[in-house]
Amino acid sequence: MADDSSRTVAARLLAVVGAFDERHRSLSLSEIARRTSLPLSTAHRLTGALVDGGALQRRDDGRYVIGRLVWQAGLLAPVEGPLRQVAEPYLHDVYAMTMATVHLAVRDGDEVLYLLRIRGRASVPIVSTVGSRLPMHCTGVGKVLLAHAPPEVQDRVLSNLRPVTPRTITQPVMLQQQLRRIRADGIATTSEEMSIGAHSLAVPVIRASDNAVVASIGVVVPSLRRDRQRSVQALQSAARGIGRVL
């Protein structure tokens with residue numbers, strides 16, 4: 001019984017931490033209780049324990065944010081390790097060539113997880129941040145990863161194509177055609193499908209040892225017509241370099 005109780009408490013503590021995400025960076029106690037479906041008294045007790053342990057921080061206005069302990073632990077996650085270290089200098093090369101925002105991303109379930117971002121100079125709406133998860137079907141790096149995802153992942157994503165902007169592709173047949181072209185050409189594009197005013201180009205990172213697509217890198221630009229070939233060449237060169245080192 002003690003073990004079951006411990007697991008229940010652990011699950012509730014994780015639920016409280018999991019209530020925070022890209023769109024909910026700070027939460028009140030009542031918001032935490034609502035997002036975790038916990039009684040207010042339970043949420044109060046658990047958040048107090050997490051604050052004492054450094055996993056959460058309580059601001060002067062009474063709202064809670066992620067604490068230093070969780071941030072430090074997150075840096076130790078394997079997904080944040082060798083791939084980031086290998087890719088970062090190559091992403092700086094892409095930025096130097098394009099002056100655009102550059103992303104490194106991997107697939108996390110049915111979403112795309114952003115591991116690195118180098119912010120460009122152009123005034124382009126950027127939704128992603130390091131650690132954020134976004135839909136695969138409307139992001140450049142996401143389309144690359146979706147094109148090379150297992151069939152069951154593709155089926156789930158294609159059956160749930162929700163619009164993010166008026167230009168988001170929500171027709172499965174049209175997206176399937178794009179995925180076939182991505183597998184053939186090695187280049188994915190989006191045109192204001194995630195944010196109005198933002199376009200993207202992305203390519204796969206293929207590990208040389210087994211030809212597996214392990215990540216995707218991409219740029220976000222104000223237009224696909226300007227310096228497209230330059231951006232593609234910079235991305236492909238960086239992707240090959242990362243793949244060889246991996």
Side-chain angles (χ1 to χ4, degrees), residues 79 83-84 86-87 90-91 93-94 97-98 100-117 127-128 133-165 167-195 198-221 223-225 227-246:
V79 73
L83 179 58
R84 279 180 52 120
V86 168
Y90 290 96
L91 265 63
D93 289 344
V94 175
M97 289 286 291
T98 65
T101 296
V102 189
H103 288 132
L104 168 72
V106 295
R107 183 174 65 85
D108 186 18
D110 295 348
E111 296 178 305
V112 56
L113 170 63
Y114 289 81
L115 301 186
L116 276 173
R117 188 188 77 171
V127 177
S128 64
R133 291 171 172 82
L134 293 175
M136 284 196 287
H137 70 283
C138 51
T139 58
V141 288
K143 285 184 181 181
V144 168
L145 297 167
L146 181 59
H148 296 278
E152 61 271 18
V153 174
Q154 294 186 13
D155 290 343
R156 286 197 302 268
V157 173
L158 287 166
S159 66
N160 189 31
L161 298 178
R162 297 180 179 179
V164 179
T165 75
R167 301 201 62 178
T168 303
I169 295 174
T170 56
Q171 297 80 25
V173 173
M174 184 181 298
L175 186 57
Q176 284 175 327
Q177 291 173 347
Q178 283 197 1
L179 297 181
R180 284 194 292 270
R181 286 199 299 270
I182 293 167
R183 287 190 291 270
D185 301 337
I187 303 169
T189 63
T190 64
S191 295
E192 300 184 306
E193 297 167 42
M194 188 71 220
S195 300
H199 305 256
S200 64
L201 285 162
V203 302
V205 174
I206 303 173
R207 189 166 50 207
S209 60
D210 57 4
N211 289 323
V213 174
V214 295
S216 177
I217 59 175
V219 293
V220 181
V221 293
S223 173
L224 293 177
R225 296 178 181 177
D227 296 330
R228 176 186 174 120
Q229 191 58 34
R230 181 186 185 93
S231 297
V232 170
Q233 290 175 348
L235 287 169
Q236 290 176 333
S237 176
R240 285 193 297 269
I242 297 168
R244 282 195 301 267
V245 177
L246 289 175

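By the 4.5 Å heavy-atom criterion applied to side chains, I206 and I242 are not counted as neighbours. Counting only heavy atoms from C-beta outward, the side chains of Y90 and L104 never approach each other to under 4.5 Å. Residues I169 and Q178 are in side-chain contact: their nearest non-hydrogen atoms beyond the backbone lie under 4.5 Å apart. The side-chain heavy atoms of V203 and V141, taken from C-beta on, include no pair separated by under 4.5 Å.
Between the side chain of D210 and the backbone N or O of A212, at least one donor-acceptor pair lies under 3.5 Å. Looking at Q177, its side chain never comes within 3.5 Å of a backbone N or O of L175 through a donor-acceptor pair. T168 contributes a side-chain N or O that, together with a main-chain N or O of E193, makes up a donor-acceptor pair within less than 3.5 Å. Judged by distance alone, the side chain of R207 and the main-chain N or O of V213 form no donor-acceptor pair under 3.5 Å.
Nearest heavy-atom pair, G109 versus M136, reported as atom, atom and distance to 0.1 Å: O-CE, 4.2 Å. The nearest pair of heavy atoms linking P172 to L158 is CG-O, 3.5 Å. For the pair T98 and A234, the tightest heavy-atom approach, listed with the atom from each and the gap, is CG2-CB, 4.3 Å. L179 approaches K143 most closely through the heavy-atom pair CD2-O, 3.7 Å. When all heavy atoms are compared, the tightest approach of S195 to V127 is OG-CG2, 2.8 Å. Of all heavy-atom pairs between V219 and S231, the closest is CG2-CB, 4.3 Å.
R183 CZ: more than 12 foreign heavy atoms inside a 6.0 Å radius.
Partner of R107 under the side-chain contact (heavy atoms from CB on, under 4.5 Å) criterion, chosen from V214, V144, V153: V153.
Separating the CG atom in L235 from the CE atom in M97 is a distance of 10.0 Å, to the nearest 0.5 Å. Atom CZ in R228 sits 6.0 Å away from atom OG1 in T189 (nearest 0.5 Å). In this structure, the separation between CG on D108 and CG on L134 is 12.0 Å, given to the nearest 0.5 Å. Taken from CG in L146 to CD in Q154, the straight-line distance is 5.5 Å, to the nearest 0.5 Å.
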Run the numbers on V112 and V106 for side-chain contact (heavy atoms from CB on, under 4.5 Å), then give the verdict.
CA-CA 6 Å; V112 56; V106 295; over 6 Å; no
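Side-chain contact annotation: T190 with H199, donor-acceptor N/O pair under 3.5 Å absent.
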